[in-house]
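Heads up: numbering here begins at 1 and tracks the sequence. Every value quoted in this text rests on a predicted model; they were computed, and no experiment measured them.
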Amino acid sequence: MKDSDALIFQSFLAALTQLDSALPDAVQSQLNQIADSLDSDRLDEIAEEYPPLKSIYEEAHCWLVKQGNHQRMGLDTIPDASWQKENTASLALDNTSKKIGDSTPLTDILPNIQEALNDEELVQMTKQVCQSSDSVDSAKVALFGYIQIA
């Protein structure tokens, strides 16, 4: 799977969790049709064609691209060993979870999707959500049952 496919799948799943109601039948039908082949370009088109999903999907996609660019910053430089010796602060994150509700912000969902799902799991979850009769509910159940939001 290409990195761009992963970005589309992650953005799409996260965007679905932010919707308050089920997708229109026409949109849901399009998702059902592509579920087996899981064409990322077509999934991107479907997300862009439905206005309530489009804005959230674009926000999620931009956030993921920005985070990816930020993570790659400075990778071509050699770390300063003296700084590492002086900076002994723990980089461990608080790994406690909270109750997940429908209003969990994208910025809480997206990093957890990236960390929790490998490529194969991401593809399987996206297929499962697209095959569902209610992709919005299916995305919420699948993601919030799989990832923990701190």
Side-chain angles (χ1 to χ4, degrees), residues 1-23 27-28 31 34-35 37-81 83-132 134-150:
M1 175 169 57
K2 299 183 294 187
D3 288 344
S4 60
D5 292 342
L7 287 175
I8 290 169
F9 298 156
Q10 292 167 355
S11 302
F12 185 75
L13 290 173
L16 284 177
T17 67
Q18 301 299 296
L19 294 178
D20 294 327
S21 59
L23 297 170
V27 177
Q28 185 62 58
L31 290 178
I34 67 159
S37 65
L38 204 58
D39 178 359
S40 62
D41 292 332
R42 183 66 187 120
L43 190 64
D44 181 64
E45 290 171 8
I46 293 169
E48 295 281 343
E49 290 170 358
Y50 181 54
L53 184 60
K54 178 181 178 176
S55 60
I56 303 166
Y57 171 76
E58 288 176 346
E59 179 184 348
H61 196 269
C62 286
W63 188 90
L64 286 169
V65 169
K66 184 178 177 181
Q67 288 301 114
N69 290 341
H70 181 72
Q71 289 174 353
R72 286 188 292 277
M73 285 176 43
L75 289 181
D76 57 346
T77 61
I78 299 172
D80 182 1
W83 177 84
Q84 290 176 341
K85 289 178 184 174
E86 294 169 10
N87 187 6
T88 58
S90 173
L91 298 177
L93 299 175
D94 180 16
N95 197 18
T96 58
S97 63
K98 66 176 184 177
K99 184 176 179 183
I100 299 172
D102 290 346
S103 62
T104 304
L106 277 175
T107 53
D108 288 346
I109 296 170
L110 290 167
N112 287 289
I113 293 174
Q114 288 180 304
E115 291 177 20
L117 299 174
N118 64 38
D119 287 351
E120 184 178 324
E121 293 166 330
L122 180 61
V123 168
Q124 288 305 315
M125 186 177 289
T126 306
K127 281 185 178 184
Q128 175 188 355
V129 167
C130 288
Q131 289 170 341
S132 170
D134 182 354
S135 291
V136 172
D137 187 54
S138 179
K140 290 177 183 180
V141 169
L143 278 178
F144 294 148
Y146 200 89
I147 63 174
Q148 292 191 352
I149 308 296

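The CD atom of Q124 sits 12.0 Å away from atom CG of D119, with the distance rounded to the nearest 0.5 Å. Distance check: L53 CG to L16 CG gives 5.5 Å after rounding to the nearest 0.5 Å. Taken to the nearest 0.5 Å, the OH atom of Y57 stands 10.5 Å off from the CD1 atom of I46. For the atom pair CG of L110 and NZ of K66, the computed distance is 13.0 Å after rounding to the nearest 0.5 Å. Between the CG atom of L19 and the CD1 atom of I56 there is a distance of 4.5 Å, given to the nearest 0.5 Å. To the nearest 0.5 Å, atoms CD1 (I113) and CD (E121) are separated by 12.5 Å.
Looking at residues two or more places apart in sequence or on another chain, you find a salt bridge (charged side-chain N to carboxylate O under 4.0 Å, His left out) between E49 and R42.
For the residue pair S135 and V129, the shortest heavy atom distance occurs at OG-O, 2.6 Å. Taking each heavy atom of A35 and K127 in turn, the nearest pair found is O-CG, 3.3 Å. Residues A139 and L13 come closest through the heavy atom pair CB-O, 4.1 Å. The two residues T17 and K140 come nearest to each other via the heavy atoms O-CE, 3.1 Å. The minimum heavy-atom distance linking L38 with C130 is given by the pair CD1-SG, 4.2 Å. What you find for M125 and A142 is that their closest heavy atoms are CE-O, 3.7 Å.
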Using a 3.5 Å cut-off and no angle test, enumerate the donor-acceptor pairs between side-chain atoms of residues 5-12 and protein atoms at least two apart in sequence or in another chain.
from	atom 1	to	atom 2	distance (Å)
D5	OD1	S40	OG	2.5
S11	OG	L7	O	2.7
S11	OG	H61	N	3.4

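Counting only distance, with no hydrogens or angles, the side chain of E48 and the backbone of S55 share no donor-acceptor pair below 3.5 Å. With hydrogens and angles disregarded, a donor-acceptor distance shorter than 3.5 Å links the side chain of T126 to the backbone of L122.
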